[in-house]
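What you are looking at is a predicted structure, and each value in this text was computed from that prediction instead of being measured.
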Amino acid sequence: MELFICSTCGVQYQQSEQPPSECIICNEERQYVNPSGQKWTTLKEMRADDFYNTIKEDEPNLYSIHTQPDFAISQTAYLVQGEGFNLLWDCITYLDNASIEAVKQLGGIDAIALSHPHYYSSQVAWAETFNVPIYIHEDDKEWVTRTSSHIHFWSGEKLELSKGLTLHHLGGHFKGGAVLHWADGSQSKGVLLTGDVIQVVADRSWVSFMYSYPNLIPLPASVVSRIADNVKDLKFNRLYNAFHRVVQENASQAVQRSAERYIKAIQGELFTT
């Protein structure tokens, strides 16, 4: 019996003797099946292939965790150190003893929270290792590929996990899409960690919004307007996405003007011909 992992999206499945017939995450229009076919791996195989995690301090009390060489979607997870409460925001697939010890040196993990299903990865393995709860919005429960008593489905529009650490339900990219507001980040000016519910683009003073990033399916203007409206009253100076792209300053204003530009573009107002 193995806990098989999809090599394309990095999500771990329930224990089974044979790999699943398909990956429900990849076999859906927001993701994709590898053109060479569905492939599977395990943590055991990944450890034999010399993967490792790097842990980097991005600012006081915020550490990024990334797997080398790049694996699957190649997202970054973040360890946020709150007031006596450490939160792992989003998750990565690879987990080994070196990573466990390094995280313990930083105070361990008290909870895990997810932005959306593409980053569920081996969240249950991380939760079991640190014996902590996982928080997923109930609107995305259908995408959970490995069930566990560690998983808590939350509802509504926001959930305060600890003082200064609050999840906000935005939808968009996925129905249950969520972001994390860290009030004490950026020298108490506030930080928003967004996965790719809100995506930092190549020009780091702007963001964008998509239903599918790899397949370039946009969101309707009404949804983007709602997302921007739902974060307009949050205080945040900096914004981190899932790929270590950062809006360093005035991120709240960047989200609002980016939403305005997006809506003009999708409605054809940016074009003269």
(Q) Pairing donors with acceptors under 3.5 angstrom, does anything connect the side chains of N27 and Y32? (A) no

(Q) Treating Y135 as the side-chain partner and L167 as the backbone partner, does any N or O pair qualify as donor plus acceptor under 3.5 Å? (A) no

Q. With distance as the sole criterion, is a donor-acceptor pair present between the side chains of S115 and D90 under 3.5 Å?
A. yes

Q) Under a 4.5 Å cut-off applied to non-hydrogen side-chain atoms, are V207 and Y262 in contact? A) no

Q. So, do Y240 and E59 sit near enough that their side-chain heavy atoms are less than 4.5 Å apart?
A. yes

In a table with atom names and distances, give each donor-acceptor pair under 3.5 Å that connects a side chain of residues 182-192 to protein atoms at least two apart or in another chain.
{"from": "S186", "atom 1": "OG", "to": "N237", "atom 2": "ND2", "distance (Å)": "3.1"}

**Q.** Any R30 side-chain heavy atom under 4.5 Å of I217 side chain
**A.** no

Q: Could you verify whether a donor N or O on one side chain and an acceptor N or O on the other, from R146 and Q12, lie under 3.5 Å apart?
A: yes

(Q) Do W89 and L165 make a side-chain contact, defined as non-hydrogen atoms from C-beta onward lying under 4.5 Å apart? (A) no

Q: Give the intermediate values and the outcome of ring-ring contact (aromatic ring centres under 6.0 Å, His included) for residues F174 and H118.
A: CA-CA 9 Å; F174 269 79; H118 287 155; 5.0 Å; yes

Q) Is it true that Y94 and F71 have ring centroids separated by less than 6.0 Å? A) no

Q. Does a donor on one side chain sit under 3.5 Å from an acceptor on the other, for Q248 and R238?
A. yes

Q. H116 vs Y119 aromatic rings, parallel, tilted or perpendicular, using cut-offs 30° and 60°?
A. perpendicular

(Q) Donor-acceptor check, side chain of R226 to backbone of L170, threshold 3.5 angstrom: yes or no? (A) yes

Q. Mind checking whether Y78 and H244 have parallel, tilted or perpendicular rings, split at 30° and 60°?
A. parallel

Q. Should E28 and W143 count as side-chain neighbours, where that means a heavy-atom distance under 4.5 Å?
A. yes

Q.
Could you check whether any side-chain heavy atom of Q81 comes within less than 4.5 Å of a side-chain heavy atom of L87, counting everything from C-beta outward?
A. no

Q) Does any non-hydrogen side-chain atom of Y63 lie less than 4.5 Å from one of D58? A) no

Q) Given side chains that start at C-beta, do those of Y13 and I24 come closer than 4.5 Å, heavy atoms only? A) yes

(Q) Using only atom types and a distance under 3.5 Å, with no angle test, would you say the side chain of N250 pairs donor to acceptor with the backbone of Q253? (A) no

(Q) Strictly distance-based, threshold 3.5 Å: is any side-chain N or O of R47 a donor or acceptor partner for the main-chain N or O of L95? (A) yes

